[in-house]
There are 2 protein chains.
Amino acid sequence: MSRARTTARPGTRQRARRGEGEKLREEILDAAERLVVEARNPDAVAIRAIAEAVGVTPPSIYLHFPDKEALIFEACERRFEEFDATIEAAGDSVDDPIESLRRRGRAYVQFGLEHPEAYRVLFMTGYPGRDPSHAFAGAGARSFGHLVEAVRRAMDAGLLRRVDPVVAATGFWTAVHGITSLLISMPDNFPWPDRDALLDHICDVQIRGLSETSTTDTGGST
Amino acid sequence: MSRARTTARPGTRQRARRGEGEKLREEILDAAERLVVEARNPDAVAIRAIAEAVGVTPPSIYLHFPDKEALIFEACERRFEEFDATIEAAGDSVDDPIESLRRRGRAYVQFGLEHPEAYRVLFMTGYPGRDPSHAFAGAGARSFGHLVEAVRRAMDAGLLRRVDPVVAATGFWTAVHGITSLLISMPDNFPWPDRDALLDHICDVQIRGLSETSTTDTGGST
DNA sequence: AGCGATAACCTAACCCTGTTCAGGGAGGTC
DNA sequence: GACCTCCCTGAACAGGGTTAGGTTATCGCT
């Protein structure tokens, strides 16, 4: 209960036994995630601070991670599985495919807002040149596949227009990402309308926009 | 045409005359914007590099900007006016309020992708504690006001459902921001569907979702 | 013309950062 | 006990943002 977690002199930590070198790796990831959450800003947490929190010297970090960016990314990436599971649970909590989609959207936003640092690192801070595609090829692709299936189920039930499910799912994703990321990155005093009303509206527009037979025939552009 | 723009020894620059101290400020902003675009990453451009590009020493920068973040933000903020004007022009290029909204959406995404660094700084990199609200209270609020009016016009023409125009405009904004920001920050090899088809779909869903009398009655969610 | 005031800028340094290189010390094996 | 190997340090490098204090050029004024 009273473990000294915030600081630890190097040497404090008990050296890992032989063959248990990976133990330090996990401790580093734990500390990194914790510090990122506390600082509410990945750039503000220093490698030295992470090392100190673990009770180890900075170079030890580089025995397990190529650079800081990879470490931070991996620390945040671990939330990805939980992210997917949370959304799936929300989606499975109801039978109606439409309501299921709505709950998925709400769960997505809620999870993002509950883990803004991880969400930011995963979805908002990719720079050209950097390539964390493995993350999106793994847990990300799986999670996206779940969304596609949810959309497809609604289509099969005749509740949504038959468009390309992948395009529809991508559009749904970008919509919920839009509000999530803006809620995270806009200044605290940004003049948002009522949040719940806005979220309801956004999900509503998605569902309506994907539904059958709207009155306005959306003709081609140009 | 052959001005040495990339480097300049301090002292190279001719000292501004009395009362023209603000000249350096503009030169700094120009250099900062140029370097950010070249580096495609705001964090990668150093104050020292900006100073050198202008032909001045680093401390001179702090005579005009409180810190690096403020400098970079202001350099990117200057695009905001142009952003608004571009969207307005696109929206005014057609009479039909619905098609006008669609063109606004497309113009928004296009502008964001043409100025990804500025877009990122303005809309994707706000951290809690940082407060650039003046930007959104100025050009941002004006631009958003234009969008609200465009939505209201479509409602007045009986083409959109009568919901709160501010909520509808906010939802529209978050939608186009969603795809814009993800196209900017996802890895280059991310498996996007066809971009044009996706953008058309997204605008389509927004329009349909805001239109009158969809078949599915979207009941309240708990 | 000369002088002081002051705006405009520079010199030098501080402290912190990510990262590297070479070395030391504990655990297990013979 | 000797040795080897894995786990980790000590010390340093190169570069970053930022600051305290000094220097220079310009301009109004006499």
Side-chain angles (χ1 to χ4, degrees), chain A residues 7-32 35-36 38-39 41-75 121 125 127 129-130, chain B residues 7-32 35-36 38-39 41-75 121 125 127 129-130:
Chain A
T7 54
R9 236 69 62 231
T12 293
R13 191 185 105 104
Q14 184 163 327
R15 185 196 204 77
R17 318 255 303 244
R18 234 156 200 223
E20 297 182 348
E22 294 299 299
K23 232 173 167 179
L24 175 57
R25 183 186 168 87
E26 290 305 315
E27 294 179 34
I28 292 172
L29 285 172
D30 288 340
L35 290 176
V36 166
E38 283 174 8
N41 177 351
D43 293 336
V45 6
I47 287 274
R48 284 177 162 88
I50 299 173
E52 189 182 6
V54 177
V56 100
T57 57
S60 298
I61 303 228
Y62 291 87
L63 298 173
H64 296 279
F65 303 94
D67 53 30
K68 179 185 178 180
E69 195 173 351
L71 161 58
I72 298 293
F73 191 89
E74 191 169 335
V121 169
T125 38
Y127 283 105
R130 182 75 192 149
Chain B
T7 53
R9 236 70 62 234
T12 293
R13 192 185 106 102
Q14 183 165 326
R15 181 193 280 259
R17 317 259 302 246
R18 255 185 183 199
E20 296 180 350
E22 293 299 299
K23 235 173 166 179
L24 175 58
R25 185 186 166 87
E26 290 305 314
E27 294 178 33
I28 291 172
L29 285 172
D30 288 340
L35 290 177
V36 166
E38 283 174 9
N41 178 349
D43 293 336
V45 6
I47 287 274
R48 285 176 158 89
I50 298 173
E52 189 182 5
V54 177
V56 100
T57 58
S60 297
I61 304 234
Y62 291 87
L63 298 173
H64 296 279
F65 303 93
D67 53 30
K68 178 184 178 179
E69 194 174 353
L71 161 57
I72 298 292
F73 190 89
E74 190 169 336
V121 169
T125 37
Y127 284 104
R130 182 75 191 149

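Quantities reported herein were computed from a predicted structural model and do not represent experimental measurements. Sequence lines set the chain letters: A, B, ... in the order given, protein chains first and strands last, and positions in each chain run from 1.
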(request) Could you list the residues that satisfy side-chain contact (heavy atoms from CB on, under 4.5 Å) with B:P58, not counting sequence neighbours? (result) B:I47, B:R48, B:A51
(message) When you measure from the side-chain N and O atoms of B:T57 to the phosphate of C:dT11, is any distance below 4.0 Å, counting only OP1 and OP2?
(response) no
(message) Without decimals, in angstroms, what is the distance between B:F65 CZ and D:dG17 C1'?
(response) 15 Å
(request) Could you tell me whether the side chain of B:V56 reaches within less than 4.5 Å of the side chain of B:E27, counting heavy atoms only? (result) no
(message) How many whole angstroms separate atom CG of B:D43 from atom C1' of D:dG17?
(response) 12 Å
(request) Could you state the atom-to-atom distance from CG of B:L63 to P of D:dG17 in whole Å? (result) 16 Å
(request) Please list, chain by chain and in numerical order, all residues satisfying side chain to side chain donor-acceptor pair (under 3.5 Å) with A:D30, sequence neighbours excluded. (result) A:R78
(message) Output the rounded distance in Å from CD (B:Q14) to C1' (D:dA25).
(response) 11 Å
(message) Tell me the interatomic distance from A:E52, atom CD, to C:dT17, atom C1', rounded to whole angstroms.
(response) 15 Å
(message) For a side chain to side chain contact (heavy atoms under 4.5 Å, CB included) check, start with the C-alpha distance between B:V36 and B:N41, then their side-chain angles and the critical distance, and finish with the verdict.
(response) CA-CA 6 Å; B:V36 166; B:N41 178 349; over 6 Å; no
Tabulated below should be each protein N or O lying under 3.5 Å from an N or O of nucleotides 3-6 of chain D; please produce it.
| from | atom 1 | to | atom 2 | distance (Å) |
| --- | --- | --- | --- | --- |
| D:dT5 | O2 | A:R18 | NH2 | 2.0 |

Give me the distances for all protein-to-nucleotides 18-20 of chain D N/O pairs that come in under 3.5 Å?
| from | atom 1 | to | atom 2 | distance (Å) |
| --- | --- | --- | --- | --- |
| D:dT18 | OP2 | B:Y62 | OH | 2.5 |
| D:dT18 | OP2 | B:K68 | N | 2.9 |
| D:dT18 | O5' | B:Y62 | OH | 3.2 |

(request) Could you tell me the separation between the CZ atom of B:R13 and the P atom of D:dA25, rounded to a whole number of Å? (result) 14 Å
(message) What's A:L24 touching, base or sugar-phosphate or nothing? Going by heavy atoms closer than 4.0 Å.
(response) sugar-phosphate
(request) Could you pull out all residues at least two apart from B:R25 that satisfy side chain to side chain donor-acceptor pair (under 3.5 Å)? (result) B:E74
(request) May I ask you to test the A:T125-A:P42 pair for a side-chain heavy-atom distance under 4.5 Å? (result) no
(request) Would you mind reading off the distance between B:I50 atom CD1 and D:dG17 atom C1', rounded to a whole angstrom? (result) 11 Å
(request) Return the value, rounded to whole Å, for the distance between atom CG of B:L71 and atom C1' of D:dG16. (result) 15 Å
(request) Any chance you could measure B:L63, atom CG, to B:I28, atom CD1, to the nearest 0.5 Å? (result) 8.0 Å
(message) B:A39: which residues meet the side-chain contact (heavy atoms from CB on, under 4.5 Å) condition with it, sequence neighbours left out?
(response) B:A44, B:V45
(request) Measure the NE2-CD distance between B:H64 and B:E26 for me, rounded to the nearest 0.5 Å. (result) 10.0 Å
